[in-house]
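The structure appears right after this line, and notes come after that.
Below, read A as the first sequence line, B as the second, and so on, with proteins coming before strands; counting in each chain starts at 1.
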Amino acid sequence: MEKRDRITPGEFAGKVYGTVRQIPKGRVSTYGQIALLSGYPRAARAVGNALHNNPDGDLTPCYRVVSSSGRLSEAFVFGGVNVQKDKLESDGIPVHNMRVDLKQYMWQPFTVLSKKSKRT
DNA sequence: CGATTGACTGACC
DNA sequence: AGGTCAGCCAATC
């Protein structure tokens with residue numbers, strides 16, 4: 001672990017990067033989810049800002065991070081949305097019209113599976 | 001140190 | 001279903 005004692009991009013940002021790196025392949029996450037897992041349930045914006053800070057890039061799969069609607073970012077810095085889309089598809093995540101199926105691909109660290117009895 | 005912004009989100013119309 | 005308003009948080013100017 002490198003000790004970036006002199007440069008601290010913000011403890012928050014560091015956690016964000018770590019969380020983003022924890023996103024398994026073939027899965028995506030939202031800024032809000034990242035913020036929540038990082039310990040900041042309301043810092044979705046700050047997350048976006050942190051990622052826009054252009055992190056380690058290859059080290060931080062920010063392309064797996066999408067908006068709450070599963071939409072890709074338009075202002076993607078490292079190439080453009082098309083690149084992000086290509087990366088997502090490379091992970092096995094089909095992208096349709098700049099969007100992904102969060103219902104299927106949103107990263108869920110907790111086994112959700114709230115099976116409800118079908119009724120009416 | 002104060003004000004503004006920004007890759008966001010949820011609510012309201 | 002899509003567009004607008006307001007709220008939240010950290011980083012930057």
Side-chain angles (χ1 to χ4, degrees):
Chain A
M1 303 28 164
E2 287 121 295
K3 61 319 195 55
R4 43 189 69 139
D5 36 84
R6 80 174 65 167
I7 55 156
T8 318
E11 199 174 84
F12 158 80
K15 289 190 176 185
V16 170
Y17 300 147
T19 306
V20 174
R21 286 180 48 193
Q22 288 168 66
I23 304 175
K25 183 180 173 187
R27 218 116 247 163
V28 297
S29 186
T30 66
Y31 297 97
Q33 191 69 56
I34 297 298
L36 181 68
L37 296 172
S38 301
Y40 301 79
R42 302 296 175 206
R45 269 184 167 164
V47 172
N49 266 345
L51 292 179
H52 188 211
N53 193 71
N54 203 13
D56 304 79
D58 301 297
L59 182 64
T60 309
C62 36
Y63 64 86
R64 287 183 190 154
V65 186
V66 297
S67 60
S68 60
S69 302
R71 236 240 315 256
L72 280 58
S73 299
E74 303 176 22
F76 225 80
V77 187
F78 67 90
V81 188
N82 42 26
V83 177
Q84 183 178 11
K85 179 177 145 201
D86 181 63
K87 288 175 175 295
L88 288 173
E89 292 189 316
S90 187
D91 272 1
I93 304 172
V95 181
H96 304 295
N97 190 22
M98 226 158 99
R99 285 189 37 179
V100 301
D101 268 303
L102 284 182
K103 299 185 102 62
Q104 278 182 101
Y105 300 103
M106 181 162 55
W107 176 40
Q108 294 172 176
F110 305 96
T111 314
V112 183
L113 244 3
S114 300
K115 289 304 210 49
K116 293 183 96 127
S117 306
K118 62 299 217 42
R119 51 186 297 280
T120 29

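- Going from atom CZ of Phe12(A) over to atom C1' of dG6(B) covers 12 Å, rounded to whole Å.
- Computed from coordinates, the Arg99(A) CZ to dA1(C) P distance equals 10 Å when rounded to whole Å.
- The cluster map of Ile, Leu, Val, Met, Phe, Trp and Tyr, joined by side-chain heavy atoms under 4.5 Å apart, puts Met106(A) and Ile93(A) in the same cluster.
- When rounded to the nearest whole Å, the span between CD of Gln33(A) and P of dG10(B) equals 10 Å.
- Nucleic acid contact class of Thr30(A) (heavy atoms, under 4.0 Å, all strands): sugar-phosphate only.
- Among the nucleotides dA7(B), dC9(C), dT9(B), the one closest to the side chain of Ser73(A) is dA7(B).
- Tyr31(A) comes within 4.0 angstrom of a base, heavy atoms only.
- For the pair Leu102(A) CG and dG10(B) P, the interatomic distance rounds to 11 Å; values are reported in whole Å.
- Side-chain polar atoms of Thr30(A) and Ser68(A) form no donor-acceptor pair below 3.5 angstrom.
- Contact annotation for Ala44(A): backbone-only contact, meaning every heavy-atom pair under 4.0 Å involves sugar-phosphate atoms and none involves a base.
- Candidate nucleotides dC9(C), dA7(B), dT9(B) were compared by shortest atom distance to the side chain of Leu51(A), and dA7(B) ranks first.
- The His52(A) side chain lies nearest to dA7(B) when the options are dC8(C), dA7(B), dT9(B).
- Each of Ala46(A) and Ser68(A) was matched to the nucleotide of DNA chain B holding its nearest heavy atom; the match closer to the 5' end belongs to Ala46(A).
- Atoms NZ and CD1, on Lys15(A) and Ile34(A) in that order, are 13.5 Å from each other to the nearest 0.5 Å.
- Atom pair Ile34(A):CD1 and dC9(C):P shows a separation of 18 Å (rounding to whole Å applied).
- The NZ atom of Lys15(A) sits 14 Å away from the C1' atom of dC9(C) (whole-angstrom rounding).
- Of all non-hydrogen atoms in Tyr17(A) and Ala50(A), the two that sit nearest each other are OH-O, 2.8 Å.
- When the nucleotides dC8(C), dA10(C), dT9(B) are ranked by their closest atom to the side chain of Ser67(A), dT9(B) comes out on top.
- Base pairing annotation: dA7(B) forms no Watson-Crick or G-U wobble pair, as no partner gives both donor-acceptor distances under 3.5 Å.
- Rounded to whole angstrom, the span from the CD1 atom of Ile23(A) across to the P atom of dA7(B) amounts to 18 Å.
- Rounded to an integer number of Å, the gap from Asn49(A) CG to dC8(C) P is 17 Å.
- At a cut-off of 3.5 Å, with distance as the only test, a side-chain donor of Ser73(A) or Tyr31(A) sits close to an acceptor on the other residue.
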